[in-house]
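Note that the structure is a prediction, hence the values are computed from the model and not measured.
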Amino acid sequence: MQTAVNNEEAMKAFGAVIGGHLSGGEIIDLTGDVGAGKTTLTKGIAAGLGIEEDVQSPSFTISRVYDARNGLRLAHYDFYRLHNAGIMHDELAETVMDNKTVTIIEWSDVVKSVLPSDHISIHITSPEEHVRHLNITAHGELSQMLVEKLV
């Protein structure tokens with residue numbers, strides 16, 4: 001599936017739609033250049049999960065966890081600064097198995113081996129200054145059902 005957004009608010013709104021459909025256990029892999037909108041999309045997903053807390057990029061902390069609606073949690077990882085996941089590899093492996101946690105991973109190259117076969121990949125490109133194209137790929141049956149809800 002492909003879609004385009006024309007500004008930051010549209011990116012957050014699309015993320016909120018995604019977040020509204022999540023029920024726990026989903027893994028979303030976000031890729032794109034620096035400044036493409038990965039964290040902005042995550043802020044929208046968090047809003048759709050009922051998170052009112054200010055969602056911040058975990059670029060320096062590597063991970064942040066937020067309490068969401070209905071006892072869910074959002075685990076947000078950013079591996080941009082890591083060349084080797086180290087102990088974070090083990091933490092992530094545990095997190096993606098938790099069916100009460102929605103896991104979002106930015107810059108997942110160093111932890112690809114931990115990603116379950118059923119996950120969603122969203123690649124964001126910016127062909128123009130404010131326009132973002134999102135290429136959404138479902139890997140697995142459950143992820144495919146979620147992506148079909150976004151159409």
Undergrad: Please round to the nearest 0.5 Å and tell me the distance separating atom CG of L74 and atom OG1 of T103.
TA: 8.0 Å
Undergrad: Any non-hydrogen side-chain atom of I124 less than 4.5 Å from a side-chain atom of D33?
TA: no
Undergrad: Under 3.5 Å, side-chain donor or acceptor atoms of residues 42-52 against the rest of the protein: list the pairs with distances, not counting sequence neighbours.
TA:
| from | atom 1 | to | atom 2 | distance (Å) |
| --- | --- | --- | --- | --- |
| T42 | OG1 | K38 | O | 2.9 |

Undergrad: Identify the residue among V114, V102, T101 that makes a side chain to side chain contact (heavy atoms under 4.5 Å, CB included) with T95.
TA: T101
Undergrad: Working to the nearest 0.5 angstrom, can you tell me the gap between T39 OG1 and K12 NZ?
TA: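 Going from the OG1 atom of T39 to the NZ atom of K12 covers 11.0 Å.
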Undergrad: Could you tell me whether the side chain of H123 reaches within less than 4.5 Å of the side chain of L134, counting heavy atoms only?
TA: no
Undergrad: Tell me every residue that passes side-chain hydrogen bond (donor to acceptor under 3.5 Å, both in side chains) with S113, counting only those two or more places apart in sequence or in another chain.
TA: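 H89.
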Undergrad: To the nearest 0.5 angstrom, please state how far the CD1 atom of I105 sits from the NZ atom of K112.
TA: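 I105 CD1 to K112 NZ: 8.5 Å, rounded to 0.5 Å.
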Undergrad: Kindly give the heavy-atom pair with the smallest separation between F79 and V110, and that separation in Å.
TA: CB-CG2, 3.8 Å
Undergrad: Working to the nearest 0.5 angstrom, can you tell me the gap between M1 CE and N135 CG?
TA: 10.0 Å
Undergrad: Got a donor-acceptor contact below 3.5 angstrom from the N70 side chain to the L72 backbone?
TA: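 Not confirmed, N70 side chain does not pair with L72 backbone.
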Undergrad: Do M11 and R132 come within less than 4.5 Å of each other through their side chains, counting heavy atoms only?
TA: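 Counting from C-beta outward, M11 and R132 do come under 4.5 Å.
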Undergrad: Determine whether more than 12 heavy atoms belonging to other residues, nucleotides or ligands lie under 6.0 Å from atom NE2 of H130.
TA: no
Undergrad: Can you check whether V55's main-chain N or O pairs, donor with acceptor, with R64's side chain at less than 3.5 Å?
TA: no
Undergrad: Show me, pair by pair, the donor-acceptor contacts under 3.5 angstrom made by side chains of residues 137-151, not counting sequence neighbours?
TA:
| from | atom 1 | to | atom 2 | distance (Å) |
| --- | --- | --- | --- | --- |
| H139 | NE2 | S121 | OG | 3.0 |
| S143 | OG | D118 | OD1 | 2.4 |
| S143 | OG | H119 | N | 3.3 |
| S143 | OG | H119 | O | 3.4 |
| Q144 | NE2 | E148 | OE2 | 3.2 |

Undergrad: Evaluate the side-chain proximity of P127 to H133: yes if any heavy-atom separation is below 4.5 Å, no if none is.
TA: yes
Undergrad: Would you say that I28 contacts I122 through its side chain, given a criterion of any heavy-atom pair below 4.5 Å between the two side chains?
TA: yes
Undergrad: Residues in ring-ring contact (aromatic ring centres under 6.0 Å, His included) with F14, at least two apart?
TA: none
Undergrad: Begin with the C-alpha distance, continue with both residues' side-chain angles, and end with the deciding distance and a verdict on side-chain contact (heavy atoms from CB on, under 4.5 Å) for D29 and L115.
TA: CA-CA 9 Å; D29 172 26; L115 293 181; 4.2 Å; yes
Undergrad: With a 4.5 Å limit on heavy-atom distance, are the side chains of V65 and H76 in contact?
TA: no
Undergrad: According to salt bridge (charged side-chain N to carboxylate O under 4.0 Å, His left out), who are the partners of D67, at least two apart in sequence or on a separate chain?
TA: none
Undergrad: Between atom CD1 of I104 and atom CG of L41, what is the distance when rounded to the nearest 0.5 Å?
TA: 7.0 Å
Undergrad: Any side-chain heavy atom of Y77 sitting closer than 4.5 Å to one from V111?
TA: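 No, too far: nothing below the 4.5 Å cut-off.
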Undergrad: Identify each donor-acceptor pair in which a side-chain atom of residues 2-10 lies under 3.5 Å from a protein atom, sequence neighbours left out, and give them as a table.
TA:
| from | atom 1 | to | atom 2 | distance (Å) |
| --- | --- | --- | --- | --- |
| N7 | OD1 | E9 | N | 3.1 |
| N7 | OD1 | A10 | N | 2.7 |

